[in-house]
**Student:** 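Please see the structure below; I have some questions.
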Amino acid sequence: MEALKGVRILDMTHVQAGPTCSQLLAWMGADVIKFENPQGDATRGQLRDVPNADSLYFTMLNCNKRSITVNMKTAEGKQVFVDLLKTCHIIMENFGPGVLDRFGFPWEKIREINPRIVMGSIKGFGSTGPYAEFKAYENVAQAMGGAMSTTGIPDGPPFVTGAQIGDTGTGLHLAIGLLAALRQAEHTGQGQYVEVAMMDGVMNLCRVKFRDHQRLQRGELAEYSVPTYKGMGEVPRAGNDSGGGQLGNAIHCKPHGANDWLYVVVQEAVFGALASRIGSEVGMPDMATDPRFAKISDRRKNQNLMWTLLNKFAEQYTKRELMKILNELDVPCGPIMSTEDLADDEHVRGREMWVELDHPQRGKWFNVGMPIKLSASPARIKRSPTLGEHTEEILRDVLGYDEAKIKSLTSAGAFSIPPKKAA
Ligand SMILES: CC(C)(COP(=O)(O)OP(=O)(O)OC[C@H]1O[C@@H](n2cnc3c(N)ncnc32)[C@H](O)[C@@H]1OP(=O)(O)O)[C@@H](O)C(=O)NCCC(=O)NCCS
């Protein structure tokens, strides 16, 4: 049995932050009803690679869901929404501020209709505070949550990271909150409002940078390879520094292409073996006993020399060759893997993290798999729904509407966009 079997979710989310959460819950067995504007989630048509087919942007974030289209700007559409609310355990949304209120369904009203329901809401900045009214996208959250100011090199511009920490990161936070609230509702019979602000989620993911922010009040950050000093105030961008108690950096390897790099952590326990192995090849046979590297504090101080020596050693090896040499010494390391490397990787395929699916509009395509492996209920990934694919099925099987009712709601425009008025 799937872990969330029997949990029904009214999923009004769109774009990435919300759908990534509801897809995970669907992969854990929840019945996720994607409740769409009759025009469809905007991402269905964004960045299309196949004409007239749902884009990969959409298909990769909406697997294992059922789609119903409902026009919330009609009285009949609102009635369908209310009926669905009564049958669901969770409702979730990530509209811009105030959209649900404008539909006439603030949280208080939703709770009145179904006191057991758990409501999940993602906003850029939450529902309180000076930023509450603003919309947000991924990189706005990365900018405002501390990630961008701490990513890059000191003399360069701030950088966004490729990992979608603002959107998908927030979706993960929401999933945790929803499951906790669901558990509480099972005990108390009462639902609650679960809010995750993208800015808060990014701050949570930047926790170690706020550790360093406070340490700067007492002194320099000795493990940083870039200059820091007591009272500096802002945590600087520090390139590929490890950010932890062990020193680390990216080392450029043969043949020195864009992704020919190996990330190496010079863990305290392995420094001796590492220095003995590379010392003679870089013209420093006594590297293991050199006083500049004697203790971790010395290695921190002289880390740029250590990285130079490691880069020199790496000139003769590819990232995979260097990985092998270092793994034999128990040095934690990993090649910088491109998307191409990952799509072809035996380990990735073996762990079902690059999964082939079929789709009626686009044919074969791949999705990134389920990263949470439940031993008793592994995820079975199914393709995303086409727009409104399950409208009738949901009206009939979930709400028990008969043919006559479906017909009358359909002709009243409950499931469609109003026709454009003639000019
Ligand atoms: C992502 C975001 C910026 C997109 O903004 P947007 O395209 O203007 O969309 P909004 O969510 O503000 O508005 C959706 C519109 O669709 C309409 N709509 C949505 N579902 C509908 C339905 N079933 N029937 C009728 N209309 C519907 C809403 O009424 C609203 O129109 P309105 O402004 O006239 O009320 C915004 O939704 C947002 O800030 N969300 C919260 C943060 C977030 O999740 N961002 C990450 C996205 S990956």
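Order of appearance sets the numbers: ligands from 1, and atoms from 1 within every ligand.
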**Student:** Would you check whether M12 reaches within less than 4.0 Å of ligand 1, judged by its heavy atoms?
**Tutor:**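 It does not, in that no heavy atom of M12 comes within the 4.0 Å cut-off of ligand 1.
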
**Student:** Applying side chain to side chain contact (heavy atoms under 4.5 Å, CB included) between E223 and each of D212, I296, D241, report the one that passes.
**Tutor:** D212

**Student:** Report yes if Q16 has an N/O atom closer than 3.5 Å to an N/O atom of ligand 1; otherwise report no.
**Tutor:** no

**Student:** Cut-off 3.5 Å, side chains only: do R207 and N204 have a donor facing an acceptor?
**Tutor:** yes

**Student:** Quick one: do the Q184 and Q192 side chains pair a donor with an acceptor below 3.5 Å?
**Tutor:** yes

**Student:** Report the part of T69 (side chain from C-beta onward, or backbone N, CA, C, O) that has a heavy atom under 4.0 Å from ligand 1; answer both or neither where that applies.
**Tutor:** neither

**Student:** Can you find a side-chain donor-acceptor pair between T69 and E36 that sits under 3.5 Å?
**Tutor:**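 The criterion, which ignores hydrogens and geometry beyond distance, is not satisfied for E36 and T69.
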
**Student:** For A175 versus L25, what's the shortest heavy-atom pair and its separation?
**Tutor:**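 In this case the closest contact between A175 and L25 is CB-CD2, 4.3 Å.
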
**Student:** Could you tell me the residue and atom name of the protein heavy atom closest to atom 43 (C) of ligand 1, and the distance to it rounded to 0.1 Å?
**Tutor:** M198 SD, 3.5 Å

**Student:** Less than 4.0 Å is my threshold; does some heavy atom of F134 fall inside it relative to ligand 1?
**Tutor:**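 Outside the 4.0 Å threshold, so no.
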
**Student:** Counting neighbours of CG on N52 that are heavy atoms of other residues, nucleotides or ligands and sit closer than 6.0 Å, is the number greater than 12?
**Tutor:**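 It does not: N52 CG has 12 such atoms or fewer within range.
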
**Student:** Relative to the heavy atoms of G96, which atoms of ligand 1 are at a distance of less than 4.0 Å?
**Tutor:** 10 (P), 11 (O), 12 (O), 36 (C), 37 (O), 38 (C), 39 (O), 40 (N)

**Student:** How far is atom 19 (C) of ligand 1 from the closest protein heavy atom, and which atom is that?
**Tutor:**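 That would be F95 CE2, 3.5 Å.
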
**Student:** Checking E315 against N311: is there a side-chain donor and acceptor pair closer than 3.5 Å?
**Tutor:** no

**Student:** Under 4.0 angstrom from atom 15 (C) of ligand 1, is there any protein heavy atom?
**Tutor:** no

**Student:** Would K73 count as a polar contact of ligand 1, with the cut-off being nitrogen or oxygen pairs under 3.5 Å?
**Tutor:** yes

**Student:** Nearest protein heavy atom to atom 4 (C) of ligand 1, by residue and atom, and its distance?
**Tutor:** Y137 OH, 3.5 Å

